[in-house]
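Before any comments, here is the structure.
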Number of protein chains: 2
Amino acid sequence: MAVARKGHSKPAAMGESRRRQRKGDGDEGTRERILKAATRVFAQHSFRAASTRMIAAEAGVDHPLIHYYFGSKEKLFEAVTERIYRETMEIMPAWLHDLSRMRPVEGLSLFIDRFLDYYFDHPEAQQIIFVNMAQIGQLEEIPGYRYILMHIEGLRSMLEGMAPLPGRREEAESFVYCFHILADSFLGAKSAHAQILGMDPDGEAYRQWVKDTLLAVFTPLLEELFS
Amino acid sequence: MAVARKGHSKPAAMGESRRRQRKGDGDEGTRERILKAATRVFAQHSFRAASTRMIAAEAGVDHPLIHYYFGSKEKLFEAVTERIYRETMEIMPAWLHDLSRMRPVEGLSLFIDRFLDYYFDHPEAQQIIFVNMAQIGQLEEIPGYRYILMHIEGLRSMLEGMAPLPGRREEAESFVYCFHILADSFLGAKSAHAQILGMDPDGEAYRQWVKDTLLAVFTPLLEELFS
DNA sequence: GATAGTATTTACCAATCGGTAAAAGTATAG
DNA sequence: CTATACTTTTACCGATTGGTAAATACTATC
């Protein structure tokens, strides 16, 4: 008779034993494949709208495996948001590298390039934030939203720690906050913006439009802050 | 035996016959109560995440009445978005009244006040746009998204027709588009922003923050456009 | 009061949801 | 080979989804 576990066991023990049973899939391990599939699905649908069956199908596994490895939809979502938060916090400092020795507008341009480089390669982060944004602060409290708030706050505090942010404090804060919110919309709802603009959401033209638009809006404010 | 209709009949005939059967509810008519309840529910949940049962409960009716009056969830959503689009298009010109004879920054300030006055009283419009934004342009095509796109486009073209929008055309377009996207986030996801800011989403402090923030970001750009 | 047309309620349907129990498969340790 | 632990699959549960059929309630007209 199978043992009835509560929660789930930690299959990460056992050293190196699960890494050969997959077809031609680059042997990732079931847990990792579920996590990656969940990241993709949660990037397209809010926590409520996403279903464990969709994630299982995306990962090519049977849906009970999700509960075997993660226990619940909530905990899977938490694992996804936690990883994204951690990875983003690791990469963020690189975006600021050498910016302080440049002139403000050039620094902003380079920052936007680095920022867009990363998020066009890892769109899920901004997408997950965007599709769940309307639910944050609402009555229904979902574990994992915590990491979304920390993500927003992390980006904000990093940008505010950005070398020189002089001028009136309130305007500097508006600069940082609005930059993030705008970028989150352009990257998290890119298919909508691209459709409105008549562009391919994954094409170079859209990327260039995002950069030009952010520069056009924030350059005057930046120059005012430094005047 | 009851007649099996396909679709649904048009209960709007019969002149004046349904307006007395409700308790103390201000006698609205069932159809109108469903439409208003649907507007509230669709403002909090995306089209997919909202359910006809939630709407029926919100309206205080049995859920088959939704299909009796509107035929399907899609058509109900379409009715909601169509009305919001129509009402917004009607009110928009008033936001621009007398703005052209003012100095740009003062005009922007007054415009923001009128804009926020309306959307703090009618938050559903921006909320519905926001919670469905990520799905627009995606594969799944939902009737009613059309009105959302028309809403965005209408606001954009109205603002661009705003008396003088001089300067480089691209920057003027960035101004208008980003203003709308930012405002949509501040109003459509106000509970999230308010939580991040530690404010009450329906309080005067948050409204003031929105105005100050929009002014801080767009005043320098506006002045540059007019220089 | 009978009739006809509208409005509402009751009872259902198949599909899908998150989640669970238990059997079946698979590998390793002794 | 056997015992054991881990992994995967099968089969289910109750709840909810959008939607429908049919019965009932209501109201105005004749």
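A note on names: the letters A, B, ... follow the listed sequences, proteins ahead of strands, and every chain is numbered from 1.
- When rounded to the nearest whole Å, the span between CZ of A:Phe70 and P of C:dG19 equals 14 Å.
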Below 3.5 Å between N/O atoms, which protein atoms pair up with nucleotides 12-19 of chain D? Just atom names and distances, please.
unit_1: D:dT17; atom_1: OP1; unit_2: B:Ser51; atom_2: OG; d: 3.2
unit_1: D:dG18; atom_1: OP1; unit_2: B:Ala50; atom_2: O; d: 3.2
unit_1: D:dG18; atom_1: OP1; unit_2: B:Thr52; atom_2: N; d: 3.2
unit_1: D:dG18; atom_1: OP1; unit_2: B:Lys73; atom_2: NZ; d: 3.1
unit_1: D:dG18; atom_1: OP2; unit_2: B:Thr52; atom_2: N; d: 2.8
unit_1: D:dG18; atom_1: OP2; unit_2: B:Thr52; atom_2: OG1; d: 2.8
unit_1: D:dG18; atom_1: N7; unit_2: B:Arg53; atom_2: NH1; d: 2.3
unit_1: D:dG18; atom_1: O6; unit_2: B:Arg53; atom_2: NH2; d: 3.4
unit_1: D:dG19; atom_1: OP2; unit_2: B:His67; atom_2: NE2; d: 3.2
unit_1: D:dG19; atom_1: OP2; unit_2: B:Lys73; atom_2: N; d: 3.0
unit_1: D:dG19; atom_1: O6; unit_2: B:Arg53; atom_2: NH2; d: 3.4
unit_1: D:dG19; atom_1: O6; unit_2: B:His63; atom_2: NE2; d: 2.8

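- Per the geometry, CD1 belonging to A:Ile66 stands 10 Å off P belonging to C:dG19, to the nearest Å.
- Summarising the geometry, the separation between CG on A:Leu65 and P on C:dG19 is reported as 15 Å, rounded to the nearest angstrom.
- Residues passing the salt bridge (charged side-chain N to carboxylate O under 4.0 Å, His left out) test with B:Glu74: none are found, sequence neighbours excluded.
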Side-chain atoms of residues 125-133 of chain B: list all donor-acceptor pairs with protein atoms under 3.5 Å, sequence neighbours left out, distances to 0.1 Å.
unit_1: B:Asn132; atom_1: OD1; unit_2: B:Phe47; atom_2: N; d: 3.0
unit_1: B:Asn132; atom_1: OD1; unit_2: B:Tyr145; atom_2: OH; d: 3.2
unit_1: B:Asn132; atom_1: ND2; unit_2: B:Ile128; atom_2: O; d: 2.9

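- Taking atom CG of B:Asp62 as the reference point, atom C1' of D:dA22 lies 15 Å away to the nearest angstrom.
- Residues forming a salt bridge (charged side-chain N to carboxylate O under 4.0 Å, His left out) with B:Glu87 (at least two apart in sequence, or on another chain): none.
- Applying the salt bridge (charged side-chain N to carboxylate O under 4.0 Å, His left out) test to pairs two or more places apart or on separate chains, those with a residue in residues 180-203 of chain B are B:Lys190-B:Asp202.
- Evaluation of the salt bridge (charged side-chain N to carboxylate O under 4.0 Å, His left out) rule for A:Lys73 yields no partner, not counting sequence neighbours.
- The side chain of A:Tyr69 contributes an N or O atom lying less than 4.0 Å from OP1 or OP2 of D:dT8.
- In summary, A:Arg40 and A:Glu124 do not engage in a salt bridge, as defined by a charged side-chain N under 4.0 Å from a carboxylate O.
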